[in-house]
Novice: 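Take this structure first; my questions come after.
Chain letters run A, B, ... following the sequence lines, proteins first and then strands; every chain starts at 1.
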2 protein chains.
Amino acid sequence: MPLTPLRRVNLAHDISAQLSQAIVAGDFPAGAVLSEPMLAKRLGVSRAPVREALIELETRGMVEFDERGRSRVPSLTHDDLVDILGIRIALEPRAAGLAARRADPLAFVDLERNLDAMRAAQTPTELARLDTAFHSGVVRASGSRRLHLCWNVVEHQVDLWLTQMQSRVDALCHQLRDTTVAAHAAMFETIRSGDTLRSENLARKHLTDWLDVLPGAPVV
Amino acid sequence: MPLTPLRRVNLAHDISAQLSQAIVAGDFPAGAVLSEPMLAKRLGVSRAPVREALIELETRGMVEFDERGRSRVPSLTHDDLVDILGIRIALEPRAAGLAARRADPLAFVDLERNLDAMRAAQTPTELARLDTAFHSGVVRASGSRRLHLCWNVVEHQVDLWLTQMQSRVDALCHQLRDTTVAAHAAMFETIRSGDTLRSENLARKHLTDWLDVLPGAPVV
DNA sequence: CTCCGGTCGACTGTCGACAATACCGCGGTG
DNA sequence: CACCGCGGTATTGTCGACAGTCGACCGGAG
């Protein structure tokens with residue numbers, strides 16, 4: 001037995017993850033101030049780890065600090081989404097290419113499991129979460145720590161945008177589901193086959209396709 | 001008069017900048033442990049802002065946390081440099097293209113000033129600093145906050161690598177100086193002219209050229 | 001000599017407290 | 001009635017302190 005994973009606790013890290021999830025889930029509306037005492041009280045911890053979590057979230061674009069040091073939930077516009085996708089179009093082909101070159105079997109089981117989960121998913125929320133998770137898996141499979149750091153900056157931004165625009169995009173998500181699953185499956189196969197160039201191109205096309213769909217969607 | 005910039009002080013931010021500079025300057029060798037009490041004592045502050053600065057630096061890849069929470073200066077290998085340049089090749093063409101599209105005159109004066117400084121620079125260290133600063137300027141000129149967050153991850157990595165490999169690269173830097181200045185000048189003109197596509201291509205070529213030079217350089 | 005247990009010191013993670021600052025509403029004043 | 005000054009309140013930035021944990025070192029047993 002491999003015993004226990006053994007890991008020193010770090011409240012800040014847990015808080016960061018939990019807060020990020022809460023923000024994406026829409027628990028805090030766009031523009032809401034996340035005051036440290038309020039969060040500390042709700043989480044049952046002191047302000048120190050909360051502060052550290054907020055700093056980490058700021059570097060990931062999940063909160064913004066105003067000129068007085070208060071952290072707020074950023075409110076994303078359509079332009080923000082285009083900006084985010086532009087960055088992802090720059091980063092993710094690289095990640096897919098590296099993943100294809102490394103061909104880590106361990107990462108493949110994660111990706112395959114994600115595909116299965118996505119095929120079985122029902123709610124748009126679950127679908128969006130799995131979609132992001134798949135792309136995270138590709139970045140992780142690239143094996144580049146720095147690429148992963150960059151990815152952190154955009155990882156949950158699309159999810160956050162979806163939450164803030166929720167009224168309109170549920171139907172869109174559902175409609176795109178089969179397309180997305182098919183695109184992910186194709187990416188998975190290509191990465192596993194080790195075809196670097198084709199992996200890059202598929203990743204790019206998957207994202208640009210999405211970008212092309214958006215202007216037609218009823219957004220603002 | 002635009003009055004004062006007015007900005008609440010934040011020791012953590014200053015510490016982050018100072019520490020980053022010190023690491024790049026080689027004050028802490030690769031693998032060195034940056035203990036919080038030691039830094040706090042040297043800086044004359046308490047541990048709290050030091051911790052916050054370290055967290056920020058970790059998201060920028062300037063320090064790494066080991067399994068026990070200690071922060072260390074990462075030691076970069078040749079593969080790391082290739083990885084970093086790969087990310088920059090993905091990000092910077094996008095930044096240059098956006099900068100060309102925005103055409104912010106304010107950013108142009110910064111870039112032009114950098115060009116002048118670079119033409120006058122003497123030491124390789126100064127040259128490397130200005131080179132990084134130019135690329136930072138392009139990213140800033142892109143106007144994308146998230147792109148800037150991603151850029152933070154790689155901003156000083158090449159400088160750090162140069163420091164850790166210092167013995168060999170001084171001559172290389174000097175030799176590449178004119179090439180670099182010429183490439184930057186060309187990028188500047190193209191961005192200012194608003195030619196998006198050409199800006200992207202120049203940025204990409206500038207970086208891939210550099211990548212091509214490296215394998216021949218006497219590096220480990 | 002080698003190996004083991006115990007002790008010491010250092011460091012991290014977390015907490016509560018304090019000063020400084022900015023917002024908000026109220027009362028007084030012209 | 002409009003405006004200005006003022007105290008109360010909430011929040012941030014910073015500090016010192018404490019518990020838990022880990023490595024280093026030392027002494028003794030086999």
Novice: Classify the ring geometry of B:H206 against B:H135: parallel below 30°, tilted from 30° to 60°, perpendicular beyond 60°.
Specialist: parallel
Novice: How close or far is atom C1' of C:dC23 from atom CZ of A:R68, stated in whole angstroms?
Specialist: 6 Å
Novice: Suppose the criterion is side chain to side chain donor-acceptor pair (under 3.5 Å): which pairs have a residue in residues 38-51 of chain A, not counting sequence neighbours?
Specialist: A:E36-A:R47, A:E36-A:R51, A:R51-B:E52
Novice: A:D116: what forms a side chain to side chain donor-acceptor pair (under 3.5 Å) with it, not counting sequence neighbours?
Specialist: A:R119
Novice: Does the side chain of A:T180 pick up a donor-acceptor pair with the side chain of A:D131 at under 3.5 Å?
Specialist: no
Novice: Considering only heavy atoms, which members of residues 33-58 of chain B lie under 4.0 Å from some atom of DNA chain D?
Specialist: B:V45, B:S46, B:R47, B:A48, B:P49
Novice: Using a strict 4.0 Å threshold on nitrogen-to-oxygen distance, state whether B:D80 and A:R146 make a salt bridge.
Specialist: yes
Novice: Take atom CZ of B:R72 and atom C1' of C:dT12, then tell me their distance rounded to the nearest Å.
Specialist: 14 Å
Novice: Rounded to the nearest angstrom, tell me the gap between atom CZ in A:R70 and atom P in C:dT21.
Specialist: 16 Å
Novice: Can you measure from CZ (A:R145) to CD1 (B:I84) and round to the nearest 0.5 angstrom?
Specialist: 9.0 Å
Novice: What integer distance in Å separates A:D66:CG from D:dT12:P?
Specialist: 9 Å
Novice: What is the distance, rounded to the nearest whole Å, between atom CD of B:E67 and atom P of C:dC11?
Specialist: 17 Å
Novice: Can you tell which of D:dC15, C:dG13, D:dT12 lies closest to the side chain of A:N10?
Specialist: C:dG13
